[in-house]
Amino acid sequence: MFIRLREEAEDVLREALSSLSLPTTDLGIEEPPENVPAVLASSVAFRLAGERGAPPPQVASEVASEIDLAESDYLEEVSTQGPYLNFMPSEAYYADTLEAAGERGYGRLPAQDESVVIEHTSANPTGPVHVGRARNPIVGDAISRTLDLAGYDVARHYYVNDAGRQIALFTWAYETFAESDLPAPERDRADYDLVRYYRKGNSFLETANDEAREEAEAEIEALMQGLEAGETEAYERVSRVVDRVLGGMQTSLNRLPATFEEFVKETRFMRDGSTEAIVARLEDSSYAEREEGAWQLDLAEWDIEKPFVFLRSDGTSLYTTRDLAHHEWKFANFDRAITVLGEDQKLHASQLEAALEILSNDPDRLTSTFYSWVNLPEGGMSTREGTGVDLDDLLDEATARAREEVEDRLDSRIRDDDLDESDLSRIARQVGIGAVRYDIVAKQPTKAITFEWDRALDFEAQSAPYVQYVHARACGILAEAGRLEGSERDPFAALESMPGTGEDGRAESSVDTEAIDALDTSEERALLETIARFPAVVETAAENLTPHTIATYTREVAEAFNAFYRECPVLDAPEELKESRLALVAAARHTVANALWCLGVAAPESM
RNA sequence: GGGCGUGUGGCCUAGCGGAUAAGGCGAGAGGUUCCUAACCUCUCGAUCCCGGGUUCAAAUCCCGGCACGCCCGCCA
């Protein structure tokens with residue numbers, strides 16, 4: 001609704017300015033501050049004051065009186081407040097918002113007819129996923145969902161490093177060391193089991209004498225040569241380690257949940273010959289040069305000082321070389337590619353982009369988006385060194401603390417809905433994991449996060465449970481009125497449905513969306529205005545790849561709902577008003593549920 | 001040393017050219033015979049890192065500092 005309202009405001013303003021022979025290049029459309037009783041405003045008058053030779057407030061009223069709202073459906077009135085033009089919406093705006101948000105799939109934008117592959121996480125399969133890495137799946141999954149809701153055809157890929165030096169080292173260590181030399185695994189799972197060999201291998205190479213180290217290096221080197229040559233035996237040796245560790249890591253990621261359409265292995269681009277072909281094409285390019293036996297690209301034209309080595313002097317390819325083949329493959333199969341990367345990858349990403357351009361690809365089809373680290377107060381996290389908090393531990397702790405909260409609240413609970421054991425587990429999981437995800441996705445990815453248990457697991461205030469609670473309250477009211485729809489009727493079939501939201505199917509609500517007139521309190525209007533903005537919020541978040549703005553929005557809806565909840569009784573209202581308010585509650589519920597869905601946070605029907 | 005990013009009340013965070021800088025945590029005071037108090041209301045608290053500049057208008061843009069993070073490998 002808001003998107004169309006904004007378009008109408010732009011149209012009428014542009015026409016008014018044209019008829020006054022004023023420039024229409026910058027309309028100055030903006031959202032006014034809270035205390036201004038308008039949904040949209042313009043500050044054009046400031047810019048035109050010089051040209052008109054009149055003070056801004058006077059220009060504003062001249063423009064305002066030139067504006068014609070006769071053709072406009074959603075604009076009711078234009079007024080001025082000093083230099084500002086303020087736009088008020090019509091009854092139709094509120095009525096159509098109530099109707100649109102009455103749909104379970106409210107917020108979904110028209111299909112874009114554009115396929116997008118989003119690569120995220122892609123952590124090296126060397127050991128359990130730790131919290132330092134957790135920002136990648138959480139942000140990546142939220143971006144995927146947001147793009148899906150915004151109408152794109154989304155595929156999520158995890159790019160598996162099964163060809164690098166670290167992996168060869170890992171495989172060698174796994175084949176070399178005996179279990180009896182290792183500490184007990186932290187969990188009975190493949191990633192926790194095997195990471196011990198990885199750590200052992202690394203520490204061995206750091207401390208071994210020259211002779212032993214050279215011997216080990218030779219074995220690792222031989223394995224890498226085997227992979228480069230596409231030998232099946234080398235591939236199978238590596239796969240034995242990689243597949244098992246990756247399987248364990250997936251178990252962690254699935255808890256978030258972060259799932260993928262495809263796990264794309266690096267070796268695929270060695271075995272099919274495409275990496276070799278890339279090397280040949282790059283060698284032919286005018287940017288290529290040979291330096292001590294290795295091949296590199298001079299990227300000075302792209303303001304990149306460091307030459308980009310794409311072939312080692314021993315003839316093996318590098319990660320980035322294979323990634324070039326990988327990206328050409330993405331371009332062949334999708335319209336656009338998005339990659340979510342840690343900030344340490346920035347240089348690599350710009351080199352990749354330049355090299356893709358040298359290979360005659362359109363670099364605009366690739367967008368890389370970066371996030372900063374999640375660090376511990378005492379420093380960074382590392383799989384190799386075994387420092388850091390495992391994602392599993394964080395999720396376990398989050399769920400346990402959430403469970404305590406639910407149990408503590410059981411006694412003082414007013415609502416008589418008899419939560420049983422399975423409800424307790426469900427709520428603990430939804431709230432605990434939701435809180436972790438929300439805490440991470442709500443922040444601008446450019447800002448570094450210092451991980452602190454108490455802050456990450458605060459269930460009050462600006463947190464997932466605050467928003468989830470609003471959803472549960474709305475569901476409580478709807479259930480009481482017999483209007484709770486079945487959640488399994490998931491409109492978002494493209495990506496998997498949220499865990500734990502499936503309840504028994506109930507009849508679709510039949511709310512009276514025409515009784516908008518009954519909703520005349522400021523709280524009801526403010527809630528509708530907030531709900532109306534949701535599609536615009538999705539659009540902007542998808543365009544800019546900024547899911548944190550959706551988190552900010554969920555808080556705004558939640559606050560507006562709580563104000564409404566406080567001032568406007570629903571079930572005890574007179575019949576006609578009750579119907580209208582039930583429609584509003586359903587609209588708010590869909591908005592909150594779908595916004596949370598974008599973030600990958602569960603929307604509980606009770607808690 | 002060079003490059004990229006970040007600096008907002010004691011702490012965390014939103015805002016990133018326009019109307020008195022918006023919330024949370026914290027501290028203090030209230031609110032439940034009434035749809036879930038994981039809630040709400042009120043009070044306290046900010047030279048938006050520092051110094052210049054551009055603009056009618058700067059937390060927001062530009063330049064110069066300072067602090068912190070990340071990168072600068074024939075690693076990924």
Side-chain angles (χ1 to χ4, degrees), chain A residues 28 30 32-36 41-43 46-47 49-50 55-56 81-84 86 122-124 126 161 163-167 169 266 291-296 303-306 309-314 316-320 323 342-348 350 370 372-373 375 380 402 405-406 408-409 412-417 427 431 435 439 442-444 446-450 452 454-455 458-470 472-481 548-549 551-552 555-556 558-559 562-563 565-573 581 585 606-607:
Chain A
E30 60 196 61
E34 265 176 59
N35 52 352
V36 174
S42 168
S43 58
F46 282 114
R47 259 144 292 178
Q81 190 172 331
Y84 294 95
N86 287 333
S122 300
N124 285 347
T126 51
N161 168 11
R165 208 191 143 68
Q166 289 300 318
I167 298 301
L169 185 159
E266 254 187 275
E291 180 73 28
E292 292 177 20
W295 279 92
Q296 60 187 35
D303 287 325
I304 298 168
E305 305 279 324
K306 288 285 160 188
V309 176
F310 62 89
L311 194 69
R312 294 189 182 99
S313 50
D314 66 1
T316 56
S317 61
L318 290 90
Y319 172 84
T320 326
D323 210 15
E343 62 175 342
D344 58 330
Q345 307 276 322
K346 280 188 181 176
L347 178 62
H348 161 235
S350 57
F370 302 93
S372 297
W373 299 130
N375 287 319
E405 290 286 327
V406 191
D408 285 354
R409 287 161 210 271
S412 55
R413 207 175 158 83
I414 295 172
R415 190 175 173 78
D416 179 30
D417 56 359
I427 296 168
V431 168
D439 183 61
K443 289 169 181 143
Q444 289 193 61
T446 47
K447 296 193 178 186
I449 296 177
T450 301
E452 288 164 78
D454 287 339
R455 201 179 286 287
D458 181 3
F459 297 141
E460 281 169 14
Q462 299 188 329
S463 65
Y466 174 77
V467 181
Q468 290 173 314
Y469 191 59
V470 162
R473 270 181 159 176
C475 288
I477 294 172
L478 294 169
E480 200 79 18
H548 79 274
T549 56
T552 304
R555 240 176 269 143
E556 290 166 5
E559 273 163 29
N562 281 328
Y565 184 87
R566 184 182 70 242
E567 296 298 330
C568 306
V570 177
L571 298 173
D572 291 338
R581 287 183 172 167
V585 171
S606 66
M607 62 187 274

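Every chain is numbered from 1, with letters handed out A, B, ... down the list of sequences.
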Using atom [atom1] of each nucleotide, how far apart are [N] and [M] to the nearest Å?
N	M	atom1	result
C63(B)	U6(B)	P	14 Å
A58(B)	C25(B)	C1'	29 Å
G24(B)	G45(B)	C1'	14 Å
G15(B)	G23(B)	P	15 Å
C48(B)	A22(B)	P	14 Å

Determine the contact category for [X]: base if any of its heavy atoms lies under 4.0 Å from a base atom, sugar-phosphate if only primed atoms, P, OP1 or OP2 are that close, otherwise nothing.
X	value
N86(A)	base
Y84(A)	base
V570(A)	base
A41(A)	base
A49(A)	nothing
F370(A)	nothing

From [atom1] of [X] over to [atom2] of [N], roughly how many Å is that when rounded to an integer?
X	N	atom1	atom2	answer
W373(A)	C70(B)	CH2	P	9 Å
L347(A)	A76(B)	CG	C1'	13 Å
E305(A)	C4(B)	CD	P	11 Å
D408(A)	A37(B)	CG	C1'	14 Å
F310(A)	G73(B)	CZ	C1'	17 Å
R473(A)	A38(B)	CZ	C1'	9 Å

Taking only nitrogen or oxygen atoms into account, show me every contact under 3.5 Å that the protein makes with nucleotides 12-16 of chain B, one pair per line with its distance.
unit_1, atom_1, unit_2, atom_2, d
C12(B), O4', R455(A), NH1, 3.2
A14(B), OP1, Q444(A), N, 2.8
A14(B), OP2, K447(A), NZ, 2.6
G15(B), OP1, H548(A), NE2, 3.3
G15(B), OP2, Q444(A), NE2, 2.9
C16(B), N4, Q444(A), NE2, 3.1

**Prompt:** Any donor and acceptor pair, going by atom type alone, linking the side chain of R312(A) with main-chain N or O of L318(A) inside 3.5 Å?
**Reply:** no

**Prompt:** Counting only N and O atoms by type, is there a donor-acceptor contact under 3.5 Å from the side chain of D303(A) to the main-chain atoms of E305(A)?
**Reply:** no

Watson-Crick or G-U wobble partner of [N], both distances under 3.5 Å:
N	value
G45(B)	none
G69(B)	C4(B)
G17(B)	none
G51(B)	C63(B)
A37(B)	none
U32(B)	none

Please write out each protein N/O paired with an N/O of nucleotides 54-62 of chain B under 3.5 Å, distance rounded to 0.1 Å.
none

**Message:** If you go through the side-chain atoms of S372(A), does one of them form a donor-acceptor pair with the base of C70(B) closer than 3.5 Å?
**Reply:** no

**S43(A): side chain to side chain donor-acceptor pair (under 3.5 Å) partners, not counting sequence neighbours** = E30(A), R47(A)

**Message:** Does G73(B) have its OP1 or OP2 closer than 4.0 Å to a side-chain nitrogen or oxygen of K306(A)?
**Reply:** yes

